[in-house]
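Taking it in order: structure first as structure tokens, then the write-up.
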Amino acid sequence: MNRLSILAQHALPKPVFELFTGHKRDVLFFWIPKTAGTSVYNVMLEYGCPPRRWRKPMRPFRNRGFVTFAHINVVDLVKAGVITRKYFANAFKFAFVRNPFDRLVSLYFHYQRLKWPDVPDDMTFEKFCEAVTQTRIDPVGLYNTKGLNRCNPQVDWLCDRKGRLRVDYVGRFENLEHDFAKVCARIGIRKPEMPHKNKTEHAPYRDYYNAETRQMVGDFYRRDLEMFGYAF
């Protein structure tokens with residue numbers, strides 16, 4: 001283990017840690033569903049990230065160190081006072097995003113694997129696209145998962161009500177190894193191997209779309225496509 005990893009694991013006063021490493025030790029991961037978050041979370045556990053912090057999101061938080069609240073709206077946690085504004089301002093905040101067309105295919109198979117009541121075995125991908133884009137789904141909020149809320153646009157996890165991006169770094173699922181190495185360098189930890197955990201098996205995402213579903217999904221995720229530069 002290198003010196004930065006050792007320093008990251010010890011409760012040195014923040015000024016001392018930053019003096020030695022040039023990095024902040026407080027780290028807040030915005031976990032968007034189906035963007036390799038389980039893999040990132042398992043790395044963070046090695047550096048003191050509270051396990052399964054999302055099970056009781058409103059309980060007091062120590063407001064220091066590495067943390068993720070999984071799929072819960074972080075901005076709402078700040079408004080609720082669970083995350084202090086000081087911690088939020090000081091922490092290095094990062095997330096990973098994914099091509100929305102690809103992410104929706106992964107979500108479809110993920111829900112079916114879970115036997116999710118909103119996505120029965122006989123629901124086709126076309127009907128799933130209709131359910132996501134043409135009916136009201138629960139917004140991102142102070143719960144880990146509810147209905148089809150994991151299908152919300154990625155910007156809803158990363159932006160405040162005024163549409164301002166609230167993270168310091170956005171990596172890409174498609175470039176996970178390279179971009180996570182940047183995160184590790186920024187926060188002063190050793191870059192580990194990144195096995196893709198909780199992976200959903202499916203064919204290339206373009207195989208599942210027709211002209212109609214491509215249009216409706218593109219319209220629904222317009223903000224994601226524009227903010228992060230994705231295309232079909």
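One is the number of the first residue; the rest follow in order along the sequence. Quantities reported herein were computed from a predicted structural model and do not represent experimental measurements.
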Out of curiosity, does V167 fall in the hydrophobic cluster containing V82 (side-chain heavy atoms, cut-off under 4.5 Å, transitive links)? yes

Decide yes or no on side chain to side chain contact (heavy atoms under 4.5 Å, CB included) for D102 and R206, but give the supporting numbers first. CA-CA 8 Å; D102 185 29; R206 292 185 179 88; over 6 Å; no

Please work out whether the ring planes of F101 and Y209 are parallel, tilted or perpendicular, with thresholds of 30° and 60°. perpendicular

So do L225 and F232 actually touch side chain to side chain, heavy atoms under 4.5 Å? no

What pair of heavy atoms forms the shortest contact from D118 to G147, and how long is it? OD2-CA, 3.8 Å

Can you tell me how far CZ of F96 sits from OG of S39, rounded to the nearest 0.5 angstrom? 10.0 Å

Please report the closest heavy-atom contact between A91 and D168, naming both atoms and the distance. O-OD2, 3.4 Å

Here the pair of heavy atoms bringing K182 nearest to Y169 is CD-OH, 3.4 Å

Are M227 and C159 close enough that some pair of their side-chain heavy atoms sits under 4.5 Å apart? yes

Between atom CG of N99 and atom CZ of F173, what is the distance when rounded to the nearest 0.5 Å? 10.5 Å

Quick check: is I32 connected to Y143 through a chain of hydrophobic side chains (ILVMFWY, heavy atoms under 4.5 Å apart)? no

Whether the side chain of R223 engages the backbone of E226 through a donor-acceptor N/O pair (distance < 3.5 Å, no angle test) should be reported. no

Report, one line per pair, each donor and acceptor closer than 3.5 Å where one atom sits in a side chain of residues 67-75; sequence neighbours left out.
unit_1 : atom_1 : unit_2 : atom_2 : d
T68    : OG1    : F29    : O      : 2.9
T68    : OG1    : A70    : N      : 3.2
H71    : ND1    : W31    : O      : 3.0
N73    : OD1    : V75    : N      : 3.0
N73    : OD1    : D76    : N      : 3.0

Below 4.0 angstrom, N of the basic side chain to O of the carboxylate: do R172 and D179 qualify? no

Roughly how far, to the nearest 0.5 Å, is CG of L148 from CZ of R150? 10.0 Å

Mind checking whether F228 and P100 have side chains closer than 4.5 Å, heavy atoms only? no

May I ask you to check whether over 12 heavy atoms, not counting those of R55, lie within 6.0 Å of atom CZ? no

Would you compute the distance between atom CZ of F66 and atom CD of E46 and round it to the nearest 0.5 angstrom? 10.5 Å

Strictly below 4.0 Å, N to O, side chains only: are D122 and K127 in salt-bridge contact? no

Please report the closest heavy-atom contact between Q112 and D121, naming both atoms and the distance. NE2-O, 3.4 Å

Does the side chain of N63 come within less than 4.5 Å of K86's, by heavy atoms? no

Hits for side-chain contact (heavy atoms from CB on, under 4.5 Å) against M216, two or more places apart or cross-chain, chain-then-number order -> C129, E130, T133, Q134, E212

Using a 4.5 Å cut-off on heavy atoms from C-beta on, say whether the side chain of P33 contacts that of R103. yes

Tell me, do R186 and F92 make a side-chain contact under 4.5 Å, heavy atoms counted? yes

Test item: L107 and V132 side chains (from C-beta on) under 4.5 Å apart, heavy atoms: no

Spacing of F128 atom CZ and T213 atom OG1 [to the nearest 0.5 Å]: 12.0 Å

For Y230 and Y221, I'd like to know if the aromatic rings sit close, meaning centre-to-centre distance below 6.0 Å. no

Do the two ring centres, one from Y108 and one from Y208, sit under 6.0 Å apart? no

Please find the pair of heavy atoms, one from V140 and one from N152, that lie closest to each other, and give the distance. N-ND2, 3.6 Å

Is the ring pair F61/Y87 parallel, tilted or perpendicular, if the boundaries are 30 and 60 degrees? perpendicular

Between P117 and P120, the two heavy atoms sitting closest are O-CD, 3.9 Å

So SG of C151 and CZ of F220: to nearest 0.5 Å the spacing works out to 7.5 Å

Under the side chain to side chain contact (heavy atoms under 4.5 Å, CB included) rule, what do V155 and D224 come out as? Steps first, then yes or no, please. CA-CA 6 Å; V155 294; D224 282 357; 3.3 Å; yes

Report yes or no: is the cationic atom of K93 (NZ for Lys, CZ for Arg) closer than 6.0 Å to the six-membered ring centre of F30, at no more than 45° off its axis? no

So D207 and H202, side chain to side chain contact (heavy atoms under 4.5 Å, CB included) or not? Walk me through it. CA-CA 10 Å; D207 294 352; H202 55 78; over 6 Å; no

If we only count heavy atoms from C-beta on, is the T35 to Q154 side-chain gap below 4.5 Å? yes

